[in-house]
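All residue numbers refer to positions in the sequence shown, counting from 1.
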Amino acid sequence: MAPWKALPEHLDPQAGRLVDRLRRLKDATGLSFTALATRTSYSRSSWERYLNGRKLPPADAVTELAVLAGADPDRMLALHTLAAQTWTGPQPKGAAAPGTSGAELEPTEPEPETEPGAVPEAAAAPAPAPAPAEPDTPAAVPPVLIGEPDVPAEPVRARPARRTLLAAGGALVVVAAVLAVVVTLVLPGRGSAGAGEEEHRRTATEEFAFKPDRTYDCDIHRFEGRLYAGHSDTQDALLQQISTTWEVVEAQCLLEHRGYRIGGIDGAYGPATERAVKRLQDREGLVVDGIMGPHTWEALRR
C-alpha cells in the first residue's frame with residue numbers, strides 16, 4: 001500500500017491525531033477509496049478530503065469507518081470531539097470553527113485528490129467536463145455488509161430491486177437463526193455420545209461493553225485441534241491498541257494461557273497486550289508489529 005501524504009502543517013496536534021487514527025483504520029480494512037465509498041454514506045472525494053487533513057470529517061463518517069474496521073466508535077468520537085475544538089481548516093456544514101459563528105462559514109470547493117500511490121486520471125485519458133461539487137452529505141448508497149466484494153453503487157432507479165434483495169436477505173437470516181437453534185439442541189447429544197471426542201467451541205453471545213474495572217474468566221479448551229477461550233472463534237480479526245471487543249478478550253486469554261503475561265483480562269487492547277503480541281510474533285518468526293491478524297491468530301490458537 002502506497003505511503004500517505006504528509007498532513008497539512010496548520011493542523012493542530014489533536015486534529016492530526018484524529019486523521020492519523022482514521023488512516024490506520026482505513027489501512028486495516030484494506031479498502032480503496034472507491035470501495036470505502038460503496039460501504040459508507042460518504043463519497044470517494046469526501047473521504048479523500050477527510051483522510052488528507054483538508055476537511056474535518058462529520059461524526060457519522062468517523063463512526064462508520066470505525067465500525068468497518070472493527071474499532072470502538074466511542075473512542076474515535078472522543079478524538080473527533082477534541083479535534084473539532086481546535087480544527088483550523090474547512091469543517092462540515094453547520095460546524096463552526098473555534099472563535100467563529102456558524103453564519104461566518106462558507107462552503108468550500110472540493111479539491112481534486114488521488115488515492116496514495118494512484119496514477120492521476122489526467123495522464124491516462126482526456127479530462128472530462130467539470131462536474132458540480134459534491135456536498136459533504138450522506139450519499140444515496142445502500143448499507144453494505146462488511147466482507148462483501150467491491151461493487152459499484154447501484155443507480156437510484158434500482159431502489160425497488162434493493163428493497164426486494166434486502167427482504168430476501170432478511171428471510172435468509174431468519175432461516176439461518178432457526179437452523180442455528182436446531183443445531184444447538186442436537187450437538188450436545190452428539191458430543192456426549194462419543195467418549196474422548198473434543199468439546200465444541202463456546203463463545204460469548206452478549207454484546208461487548210468495555211468497563212475499566214471488569215475482568216473476564218477464560219474457558220480454555222480445544223476444538224478440531226485449535227485453542228479457544230470461550231469468547232470468540234475468530235481466525236482473522238484485526239486488533240490493535242484502539243480495539244475493545246470480545247476478540248480482544250479471546251486474545252488476552254490465549255496469551256495468558258501460553259505464558260505471555262498482560263496483567264488482566266479486561267477486553268482493552270492496551271500497551272501490555274501489544275507487548276505480549278510482539279513477544280509471540282517474535283518467537284513465531286512473524287512480522288513484529290503488535291497487531292493481531294490472521295497469521296498471529298493461527299500461531300496463538302496452535
Side-chain angles (χ1 to χ4, degrees), residues 1-37 39-92 95 97-98 113 115-117 136 138 146 208-210 212 236-248 251-252 266-275 277-278 287-293 296:
M1 180 174 293
W4 287 96
K5 293 182 178 180
L7 293 175
E9 295 182 358
H10 69 269
L11 280 187
D12 179 88
Q14 294 290 359
R17 184 182 180 193
L18 171 66
V19 176
D20 179 67
R21 289 295 182 90
L22 291 175
R23 286 178 170 185
R24 291 171 60 185
L25 292 182
K26 177 186 177 295
D27 290 343
T29 64
L31 298 175
S32 64
F33 279 112
T34 301
L36 187 60
R39 284 161 169 73
T40 64
S41 303
Y42 296 85
S43 65
R44 170 194 171 100
S45 61
S46 294
W47 281 116
E48 288 174 344
R49 290 195 293 273
Y50 303 154
L51 297 182
N52 281 288
R54 298 203 311 276
K55 194 160 190 178
L56 175 66
D60 288 343
V62 173
T63 299
E64 291 187 27
L65 181 54
V67 172
L68 274 178
D72 183 4
D74 292 336
R75 290 194 174 188
M76 294 304 300
L77 287 176
L79 290 178
H80 180 272
T81 300
L82 294 175
Q85 296 174 356
T86 57
W87 191 279
T88 58
Q91 297 190 3
E113 185 63 36
E115 189 171 352
D136 289 334
I146 299 175
F208 184 85
F210 174 71
D236 55 5
L238 291 174
L239 306 177
Q240 52 191 345
Q241 279 212 45
I242 59 174
S243 303
T244 54
T245 63
W246 283 118
E247 285 74 21
V248 175
Q252 289 176 330
D266 59 1
Y269 201 101
T273 302
E274 184 179 72
R275 287 194 296 269
V277 170
K278 286 183 177 179
V287 175
V288 181
D289 57 5
I291 298 176
M292 287 291 301
T296 307

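At a threshold of 4.5 Å between non-hydrogen side-chain atoms, the residues L68 and L36 count as touching.
For W246 and F208, the distance between ring centers is under 6.0 angstrom.
Atom CH2 of W87 and atom CG of L18 lie 6.5 Å apart (nearest 0.5 Å). With rounding to the nearest 0.5 Å, the separation of NZ in K26 from OH in Y50 is 15.0 Å. Within the model, atoms CG of L65 and CE of M76 stand 7.0 Å from one another, a figure rounded to the nearest 0.5 Å. Separation of atoms CD1 (I291) and CD (E274) is listed at 7.5 Å; rounding is to 0.5 Å.
If you run side chain to side chain donor-acceptor pair (under 3.5 Å) between T244 and each of D72, D266, D74, only D72 comes through.
Judged by distance alone, the side chain of Q14 and the main-chain N or O of T81 form no donor-acceptor pair under 3.5 Å. Listed for the N52 side chain is no donor-acceptor partner under 3.5 Å among the backbone atoms of R54. Remark: side-chain polar atoms of D20 are not paired, donor with acceptor, to backbone N or O of G16 under 3.5 angstrom. For the pair E247 (side chain) and L239 (backbone), a donor-acceptor distance under 3.5 Å is absent. Put simply, the side chain of H80 never gets that close to the backbone of T63: no donor and acceptor are under 3.5 Å apart.
With sequence neighbours excluded, no residue forms a side-chain hydrogen bond (donor to acceptor under 3.5 Å, both in side chains) with Q240. Take T296 and apply the side-chain hydrogen bond (donor to acceptor under 3.5 Å, both in side chains) test, not counting sequence neighbours, and it matches Q281. With sequence neighbours excluded, no residue forms a side-chain hydrogen bond (donor to acceptor under 3.5 Å, both in side chains) with T29.
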